[in-house]
Structures are given as structure tokens and as C-alpha cells.
Colleague: 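The structure that follows is given in the form of C-alpha cells.
By convention here, the first residue in the shown sequence is residue 1.
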Amino acid sequence: MKKRQGIMVVMEIEFKFHIPAERLKAVETAMRRGAVVSTRLQARYFDTADQALAAQGMVLRLRKEGPRWVQTVKATGDNALHRLEHNVDLGAVSGGASPAVDPQRHQGTSVGERLAMVLAESGAPLVERQSTDIVRLTRDVRVAGTDAAVVELALDVGKVVANAGTPEQRESPVCELELELKRGNVQGLVELARRWSQQHGLWFSTVSKAERGARLLARLEAVPAVKAEAPRFADEKDDKRDGRAIQKAVVAACLAQILPNGSEIAAGSTDEEQIHQLRIGIRRLRTAFRELAGLDARGGFFDVAGWEPPLVEAFRALGALRDREQVAKLAQPQLRSAGAPEFDPLAGEQAAAGAPSPGEIVRAPAFQSVLVSLIGFTVATHAEVAKAGETAQDQSAPLHAGGARRFLRKRLQRLHKQVVRDGLRFESLPTEVQHRTRKRLKRLRYLAEFAAPLFGDADGEKSSAAARYLKRLRPAQDALGEFNDEAVALKLYQEAAERNARAWFGVGWFSARHAAGAKACRKALGKIEKAPRFWAKK
């Protein structure tokens with residue numbers, strides 16, 4: 001909820017959706033079915049020349065809202081889905097001039113202290129980096145049945161400008177809908193966000209106006225894929241990390257990888273690494289569903305049964321587009337070095353009729369609906385999560401901090417033993433069980449990464465034992481990954497052999513390597529058995 005006056009720092013809870021150009025008219029019509037306010041927003045964004053604020057996820061701006069000027073600083077909050085915001089209302093400025101930016105206006109607030117620290121470390125002066133010119137329609141909506149939640153809808157249409165007034169001027173259009181919770185239950189915000197995104201074909205976007213400007217300045221047509229990050233805990237006290245807090249932190253960490261990659265793909269990116277990292281994020285999230293559900297028996301996850309099918313569908317559809325092409329790229333140089341005739345195993349393949357593009361997969365209403373629900377879960381209060389999970393049969397509370405660690409110890413130990421057991425007999429396992437072992441190893445790795453911050457040393461530092469354990473998993477991960485790629489390649493060349501006899505070289509080559517690959521997997525898995533387990537009691 002935003003405050004325009006005083007020195008209160010607030011935590012924004014909002015959703016932002018990109019509006020396709022062809023849907024804008026319908027969205028504006030829907031907005032005007034209630035009482036709307038139209039405001040012209042002209043903003044100037046400031047940073048140092050070396051972009052010290054952007055590097056720390058911070059934004060400093062002056063914005064003219066109608067006749068009044070407001071100075072705002074924003075920063076990431078407890079996790080990547082939260083934003084800290086502090087606004088200072090400067091009022092109207094005589095003569096139509098723009099006020100000067102002054103970081104001291106945020107003094108005495110946590111986000112202001114962070115701003116001051118970053119600027120002090122940089123030592124460079126603030127300069128104007130970009131500007132925006134937006135027409136905003138706002139409307140408040142009361143959502144019934146959710147403790148009278150009130151949500152502000154804001155339709156922004158306009159542009160971001162970089163290097164204004166110079167030969168290097170560049171512009172980027174803005175067409176987005178923001179929904180911000182002003183008061184009431186988060187679930188009301190989630191329900192309304194789902195409704196608007198479904199009705200109008202909107203998709204969740206993580207690209208802020210400030211970031212659009214930064215991309216224009218850097219002339220970036222594409223951005224690097226976002227990789228996995230460790231869970232962040234809002235309260236560093238161990239006794240506050242109960243089962244529900246752990247679930248929320250882990251889901252937020254998964255979304256911090258899923259959302260930005262999904263946002264780029266939905267906007268049209270076909271970058272292979274972004275698709276790959278999105279799939280990793282989905283796999284990590286499904287591991288969280290499977291391994292952490294027992295941390296909150298009351299139902300800390302609102303609707304796992306409803307969330308998982310769209311995630312699985314997107315994961316498989318994106319894999320179908322990427323895996324065969326990636327394997328073919330890896331296989332061809334190997335076969336060429338072995339003396340194989342020049343041959344493309346994908347040549348002549350019949351493309352699946354009407355196969356969706358990566359963007360269409362991510363923009364699918366069911367997938368977008370799941371993202372909205374998951375974000376809602378991470379920002380809901382404990383009381384809201386409990387209320388959503390209550391049943392007549394189960395009134396139990398989430399596991400307390402000590403119980404949560406015991407639960408995680410058992411899950412980690414169980415997966416560790418299963419992987420070691422399968423490793424001892426890997427060569428004799430059926431193909432489907434070998435594949436299951438690979439998936440178990442991934443789950444063990446992800447669960448270990450999730451749990452690592454919870455098993456720190458006595459002085460509160462994160463234990464390096466977790467890093468050592470994860471390092472011991474890597475040779476097995478690499479061996480099983482290569483074994484799986486070669487199995488996919490073998491199948492690919494077997495199918496291609498039905499169209500072209502040149503593929504038989506690849507069939508023979510990969511078939512001959514199968515036994516050696518299985519042996520390498522057994523040896524690599526065997527080394528995990530004696531790896532010191534960081535979760536073990538000392």
C-alpha cells in the first residue's frame with residue numbers, strides 16, 4: 001500500500017501484467033466500467049553513471065503526478081517478489097519547474113539508509129538516466145468474500161525514453177496493468193489478478209519502467225537468463241523459521257528464477273538458456289511441492305493438486321522444443337570426430353502440426369493462473385495461509401523450527417539412501433529406473449540447496465559443509481546428465497534411421513557407448529555414499 005506523505009516505508013504487494021496491443025481497448029473498456037481517475041505521470045529516473053543503484057536493485061525517481069511532484073525510492077524487500085517503497089510528497093512547484101532530486105529526503109527510513117550506503121560506496125554523483133511519460137487510469141475495486149479486500153487497478157499507457165533530446169534518443173512503449181492491494185486479504189488480490197489476466201490474455205511481467213530505460217541505455221535486445229538462488233528468510237532467528245515460513249521462502253526462491261525468465265519468453269524471447277533456466281525453476285518448484293508439503297499439515301500450499309498439472313504441461317512442452325535440438329547439437333560434433341558421414345538427425349522431421357511456440361506455452365492462461373496463485377502464497381500472512389488451508393479434519397499447526405529441521409533431516413537422509421542404493425546396481429537397473437535415479441538425484445540436490453541455510457554453524461554463519469556436500473554430487477550429476485543425453489540421442493538417431501541410412505552410424509556409435517556410460521554413472525554415484533552429510537547432528 002502506497003503512502004504519499006510522511007516517512008512511512010511500505011511493502012508493495014502488487015501484480016503487473018503486460019497487455020498485448022490488440023487487447024488494450026478491451027482492458028480500457030473494462031476499467032471504465034467503474035469510477036476511474038486519469039492522471040498524467042511524468043517521471044525522471046536517477047542513478048550514478050556506473051549504475052550503482054540498479055546494481056543493487058534500487059530505483060530513485062522524481063515523478064509529476066498531475067500538478068504535484070513525488071520523490072520515490074524503491075528497493076527489493078525480504079525476497080525478490082517484495083518491494084520496499086518510500087514516497088515524499090513535494091507538492092506543486094511554482095513556475096512549472098522540476099524540483100532537484102535529494103536522497104536526504106529518505107533519511108530515517110530503512111530504504112533511505114540503504115540508498116545512502118550505496119551512494120556513499122559509489123562516491124559518484126547522481127545523474128538523470130531516463131524518463132517516462134505515462135497516462136494512468138486508476139480505479140479501486142472491492143473484492144467480496146475476502147474480508148473486504150480493496151485493490152487498486154492502474155492501467156499505464158505511454159513510453160520510456162532514454163537519452164532524450166539527443167541523436168541517441170531511444171524509446172520503449174509501455175502498456176501494462178498493475179493491481180495493488182490497498183487493504184484486506186491477499187487472496188482477494190490473487191482472485192482479482194487471476195480474473196483480469198484470464199479474461200484479457202495478460203501475462204505476468206517483471207520488467208519495470210526503470211529496467212526498460214536501462215535496457216534502452218545499454219542497447220540491450222536480450223538479457224541474460226536468471227539462474228537459481230538460495231532461499232531468503234525474512235527473520236534470521238532460527239526459532240522463527242517454522243514449516244510455513246520455510247515453504248514460503250523456498251517457493252519465493254523458485255519464483256525468483258521462474259518469473260523473470262518466463263516474463264522474457266512470454267514477451268517473445270526464444271533464448272535457449274532462458275528456456276532452460278525456466279524449466280530448472282519449474283523442476284525445483286515441483287521438488288518443493290513433493291518434499292516440503294509435510295512441513296505444514298494444515299495445507300500451507302493452497303492447491304498443489306491444481307497447480308502442478310499446468311507446470312508439468314509447460315515443462316514438457318518447452319522440453320519438446322529444446323531437448324532434441326540441444327542433443328543434436330552436442331551429438332553431431334562427436335560423431336563427426338568419430339568419422340560419421342555428415343548428417344542432421346532433425347532433417348526431414350515432420351514438425352508437429354500447430355505446435356506452440358515458447359511464448360505461447362508461457363502465456364497459456366492455466367500457467368499464468370498458477371504463477372499468480374504462487375506469488376499470492378509467498379506474500380500471504382501466516383494467518384491468511386492458515387485460513388485458506390483449514391479443514392474440519394485437520395486443525396494442526398505448521399511444524400515449529402526444531403520440528404521442521406528434523407523433518408528435513410529425514411527427507412534428505414531418505415533421498416540420500418535411495419540414490420546410493422540405486423547407484424550400487426545402476427548398470428542392472430531397467431531404463432525407467434535409471435531415469436528415476438537421475439530425477440531423485442536432482443531432487444536431492446535441490447532439497448539440499450533449499451535446506452542449506454537452515455543448518456548453519458553455531459555462530460550463525462551458513463555451513464560450508466552444505467557446499468562440500470553439493471560439490472560431491474556434481475560428478476554424479478554430470479555422469480547421469482551425459483548418460484541421459486546419449487539415450488535421447490540414440491532414440492533420435494533410431495528414428496532418423498527410418499528416413500535416412502546415414503543415421504545408422506549414430507545408432508551404432510551411441511549403442512556401443514551405453515554400457516560404458518552406465519558404468520561411469522555407477523562409479524560416480526558410489527562416491528556419494530561417504531559424502532559428509534551437512535544435516536547430520538553433531
Side-chain angles (χ1 to χ4, degrees), residues 17-23 197-206 221-223 225-226 257-286 306-332 335 343-372 374 431-432 435 438-439 442 481 484-500 502-503 506-507 510:
F17 296 100
H18 177 81
I19 305 171
E22 67 274 14
R23 302 280 188 145
S197 66
Q198 302 299 293
Q199 288 178 351
H200 299 290
L202 315 181
W203 67 81
F204 189 86
S205 174
T206 61
E221 300 299 330
V223 294
V226 175
Q257 181 180 20
I258 291 171
L259 294 176
N261 291 309
S263 176
E264 297 298 325
I265 295 166
S269 172
T270 57
D271 182 79
E272 290 180 351
E273 186 61 17
Q274 287 173 347
I275 294 172
H276 179 53
Q277 292 300 325
L278 173 58
R279 294 184 75 225
I280 289 175
I282 294 172
R283 190 186 288 120
R284 288 168 63 86
L285 184 59
R286 292 181 63 205
W307 295 349
E308 194 153 26
L311 293 170
V312 172
E313 183 177 350
F315 180 85
R316 290 175 177 168
L318 291 169
L321 292 174
R322 179 185 183 276
D323 287 353
R324 290 166 69 86
E325 291 183 2
Q326 283 295 103
V327 166
K329 287 180 181 178
L330 293 172
Q332 285 178 290
L335 292 173
F343 175 69
D344 180 0
L346 298 177
E349 260 197 338
Q350 293 294 320
S357 67
E360 289 170 332
I361 293 167
V362 175
R363 293 193 296 267
F367 185 76
Q368 289 294 317
S369 179
V370 169
L371 295 185
V372 171
L374 288 164
T431 300
E432 63 272 15
H435 184 57
R438 176 172 171 266
K439 292 196 291 186
K442 286 181 180 292
N484 182 72
D485 286 346
E486 293 198 357
V488 173
L490 174 59
K491 183 178 179 181
L492 181 62
Y493 277 86
Q494 286 172 332
E495 293 171 358
E498 298 177 4
R499 304 188 303 271
N500 192 314
R502 291 187 173 191
V507 173
F510 283 113

Colleague: So how far is it from Asp344 CG to Arg502 CZ, rounded to the nearest 0.5 Å?
Modeller: 11.5 Å
Colleague: Within the distance-only criterion (no hydrogens, no angle test), does the side chain of Asp485 pair as donor or acceptor with the backbone N or O of Val327 below 3.5 angstrom?
Modeller: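 No: the side chain of Asp485 does not pair with the backbone of Val327.
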Colleague: Enter the distance from Glu486:CD to Leu330:CG here, rounded to the nearest 0.5 Å.
Modeller: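 Here the rounded value is 10.0 Å.
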Colleague: At what distance, to the nearest 0.5 angstrom, does CH2 of Trp203 lie from NE2 of His18?
Modeller: 4.0 Å
Colleague: Mind checking the CD1-CZ spacing from Ile258 to Arg279? Nearest 0.5 Å is all I need.
Modeller: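 With rounding to 0.5 Å, CD1 (Ile258) is 12.5 Å from CZ (Arg279).
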Colleague: What heavy-atom pair brings Leu202 and Pro20 nearest, and what distance separates the two atoms?
Modeller: CD2-CD, 4.1 Å
Colleague: Using the side-chain contact (heavy atoms from CB on, under 4.5 Å) definition, which of the options Leu318, Ile275, Ile265 pairs with Ile361?
Modeller: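 So, applying the side-chain contact (heavy atoms from CB on, under 4.5 Å) to Ile361 and each of Leu318, Ile275, Ile265, only Leu318 qualifies.
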Colleague: Do any N or O atoms from the side chain of Gln368 and from the backbone of Gln198 form a donor-acceptor pair under 3.5 angstrom?
Modeller: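 No; judged by distance alone, with no hydrogens or angles, the pair does not exist.
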Colleague: Given side chains that start at C-beta, do those of Ile280 and Gln257 come closer than 4.5 Å, heavy atoms only?
Modeller: yes
Colleague: Show the nearest heavy-atom pair for residues Ala497 and Val507, with the distance to one decimal.
Modeller: CB-CG2, 4.5 Å
Colleague: Answer yes or no: is there a side-chain heavy-atom contact under 4.5 Å between Leu259 and Phe204?
Modeller: yes
Colleague: Between the side chain of Ser263 and the main-chain N/O of Thr206, is any donor-acceptor distance below 3.5 Å?
Modeller: yes
Colleague: Donor-acceptor check, side chain of Glu495 to backbone of Pro345, threshold 3.5 angstrom: yes or no?
Modeller: no
Colleague: Are the side chains of Tyr493 and Leu335 in touch, meaning some heavy atoms are under 4.5 Å apart?
Modeller: yes
Colleague: Drop me the distance from Gln494's CD to Phe510's CZ, to the nearest 0.5 angstrom.
Modeller: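 Answer rounded to 0.5 Å: 11.0 Å.
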Colleague: Less than 4.5 Å apart, any side-chain heavy atom of Glu264 and any of Gln277?
Modeller: no
Colleague: Would you call Val372 and Phe17 a side-chain contact if the rule is heavy atoms closer than 4.5 Å?
Modeller: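 Sidechains of Phe17 and Val372: in contact.
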Colleague: Taking side chain as C-beta onward, heavy atoms only, is Leu374 less than 4.5 Å from Trp307?
Modeller: yes
Colleague: Apply side chain to side chain contact (heavy atoms under 4.5 Å, CB included) to residues Glu325 and Leu346 and explain how you reach the verdict.
Modeller: CA-CA 8 Å; Glu325 291 183 2; Leu346 298 177; 3.9 Å; yes
Colleague: With a 4.5 Å heavy-atom cut-off, do Phe315 and Leu311 have their side chains touching?
Modeller: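 A side-chain contact under 4.5 Å is absent here.
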Colleague: Can you name the nearest heavy-atom pair linking Ala266 to Arg363, along with the distance?
Modeller: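 Answer, listing the atom of Ala266 first, then Arg363: O-NH1, 2.6 Å.
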Colleague: What are the two closest heavy atoms between Pro310 and Gly306, and how far apart are they?
Modeller: CD-O, 3.4 Å
Colleague: List the atom of Gln274, the atom of Val223, and the distance in Å for their closest heavy-atom pair.
Modeller: NE2-O, 3.0 Å
Colleague: Evaluate the side-chain proximity of Thr431 to His435: yes if any heavy-atom separation is below 4.5 Å, no if none is.
Modeller: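 When only atoms from C-beta onward are counted, Thr431 and His435 do not touch, as no gap falls below 4.5 Å.
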Colleague: Show your working on side chain to side chain contact (heavy atoms under 4.5 Å, CB included) between Lys442 and Lys439 and close with a plain yes or no.
Modeller: CA-CA 5 Å; Lys442 286 181 180 292; Lys439 292 196 291 186; 5.6 Å; no
Colleague: So does Glu273 have more than 12 non-hydrogen atoms from other groups sitting under 6.0 Å from CD?
Modeller: yes
Colleague: Show the nearest heavy-atom pair for residues Arg23 and Gln199, with the distance to one decimal.
Modeller: NH1-O, 3.9 Å
